Amino acid sequence: MPELPEVETVVRDLRPLLTGRVITAVRRSAFKLRRTWNPAWAAALAGTRVEAVRRRGKWILVDLECKADPPPNPLPEGRGRKADPPPNPLPSGRGSSGATSRELDSQIGSNVALLPFPLGRGPGGRSSPLLRVHLGMTGQFTVVPADAPEPDHLHAVFALDNGHELRFRDQRRFGSAEFFADRAAVESEMNAELGPEPFNIDADYFRAAVSGTGRNLKAVLLDQTVVAGVGNIYADEACFRAKLHPGRPGNKLTAGECDALREAVEAVLTRAIESRGSTIRDYVGGSGLRGGFQNEFAVYGRTGEPCPTCAAAVVCARYAGRASHFCPRCQAPEGQKPATGKKKRTTRGK
DNA sequence: CTGTAATCCTGCGAGC
DNA sequence: TGCTCGCAGGATTACA
């Protein structure tokens, strides 16, 4: 579920709970996530202090402060340092607290190949590390007391210095958690791949991006390189708000329509953030609260129900490979009459 | 270049 | 009640 408003809500929830806290230990389940977890990251993370919690598009960025004495080589061979219990610093959940964590195991024993860090440590040996998390479809990122019962599908646990834990849970495992030693490098990489944040988007930029392509509006809005953070729900809601058909090719829009779409995207996302995002099924904010914007959907998930504006039945068709909901009257495709019987077949073969 | 499909997963509702 | 099927918030890759 997590699109920008949901991720923003998580970030806002986590910020006061994490800022200034020290990560004392990390546990990771043996299950693979979308991106490979390097077992050495647990040791690299231990001892770092959370400097800030931010968001970029749908990515959660946890800025970390380096430990006082960063180990020259964070790979497992350096485990002899200090008097820490070596491989798995946290008491294994299954051992200590009974039947709580069947899934969580020492990541050391996993069969995941040892990979180099995605980006190397900065030249000076000193660098600003980053924990980057993507919630995928069903990810949850919350802070709870360490003795809170462990739920299913728990894949990463970051123990904090105040008796709480930052937990990453993800039923479908489309999400990811990664550690980067060099924050600046990741950021420039992300900025190269992601479009601007969907607030105060430059009007000229957006017009050019939309009218410069023959792709349909749904595809354009879902494209993270055009604007970062829009997903299926808010793409549909934005098209409705702008009274534009999601299947319209971008290069068929007038400048005014481009502006309307841009304003609709910003307005919908702003409203959704105010409502703490949308909870369809699994989504919860960083403090475990659910969202409320699902009660304000005009078209998303309302197939067959009346359009809030004109009462025509909301239609669902497939654009850009995604279920797309719209009002056939308010969002009639340009040059096509609102009430023609021509129905678009969108079955995807077999 | 665009678009479509498949993939990574689990779970849930619809339909039989 | 129980089974199978299709589909679900995302991102990436391959192929037509």
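A quick note: this is a predicted structure, and the numbers were derived from the prediction, not measured.
An OP1 or OP2 oxygen of B/dG11 is reached within less than 4.0 angstrom by a side-chain nitrogen or oxygen of A/His153. When the side-chain nitrogen and oxygen atoms of A/Lys58 are compared with OP1 and OP2 of C/dA11, one or more of them lie within a distance under 4.0 Å. In this model, the phosphate group of C/dA8 is approached by a side-chain N or O of A/Arg318 to a distance below 4.0 Å at OP1 or OP2. Regarding contacts with the backbone of B/dC8, every side-chain N or O of A/Arg172 stays at 4.0 angstrom or more from both OP1 and OP2. For the OP1/OP2 pair of B/dC9 and a distance below 4.0 Å, the side-chain nitrogens and oxygens of A/Thr138 include no atom meeting the criterion. For the OP1/OP2 pair of C/dA11 and a distance below 4.0 Å, the side-chain nitrogens and oxygens of A/Gln224 include at least one atom meeting the criterion. Within the 4.0 Å cut-off from OP1 or OP2 of C/dA11, not a single side-chain nitrogen or oxygen of A/Arg35 is found. Using a 4.0 Å cut-off, some side-chain N or O of A/His134 falls inside it from OP1 or OP2 of C/dA11.
Under the 4.0 Å criterion applied to side-chain N and carboxylate O atoms, A/Arg54 and A/Glu187 are assigned as salt-bridge partners. Looking at A/Arg55 and A/Glu197, a side-chain N of the basic residue comes within less than 4.0 Å of a carboxylate O on the acidic one, giving a salt bridge. Under a 4.0 Å N-O distance rule, the pair A/Asp236/A/Arg322 does not qualify as a salt bridge.
Comparing A/Ala323 and A/Trp59 against DNA chain C, the residue whose closest nucleotide sits nearer the 5' end is A/Ala323.
Summarising the geometry, the separation between CZ on A/Arg56 and C1' on C/dG10 is reported as 17 Å, rounded to the nearest angstrom. Rounded to whole angstrom, the span from the CD atom of A/Glu3 across to the P atom of C/dG10 amounts to 4 Å. Here C/dT12 presents its P atom at 11 Å from CG of A/Asp223, a figure rounded to the nearest Å. Distance A/Ile280 CD1 to B/dG11 P: 18 Å, rounded to the nearest Å. Straight-line distance from the CE atom of A/Met190 to the P atom of C/dT12: 10 Å, rounded to whole Å. Atom CG of A/Asp152 and atom C1' of B/dC9 are 15 Å apart (whole Å). Between the C1' atom of B/dC9 and the CZ atom of A/Phe31 lies a distance of 11 Å, rounded to the nearest Å. Between the C1' atom of C/dG10 and the CZ atom of A/Arg173 lies a distance of 16 Å, rounded to the nearest Å.
Straight-line distance between the P atoms of C/dC3 and B/dC9: roughly 24 Å, to the nearest whole Å. With both ends at atom P, the span from B/dT10 to C/dT1 equals 26 Å, rounded to whole Å. If you take atom P in B/dC1 and the same atom in C/dA11, they sit 22 Å apart, rounded to whole Å.
Base pairing analysis places B/dT10 opposite C/dA8; the two distances defining the Watson-Crick or G-U wobble pair are each below 3.5 Å.
Residues forming a side-chain contact (heavy atoms from CB on, under 4.5 Å) with A/Glu193 (at least two apart in sequence, or on another chain): A/Glu189.
Within 6.0 Å of the NZ atom in A/Lys243, the count of heavy atoms belonging to other residues, nucleotides or ligands exceeds 12.
Residue A/Gln171 places its side chain closer to B/dG11 than to any other of B/dG11, C/dA8, C/dA11.
A/Arg34 comes within 4.0 angstrom of a base, heavy atoms only. Within 4.0 Å of A/Asp170, counting heavy atoms only, lies no atom of the nucleic acid at all.
Aromatic ring centres of A/Phe293 and A/Tyr300: separated by at least 6.0 Å.
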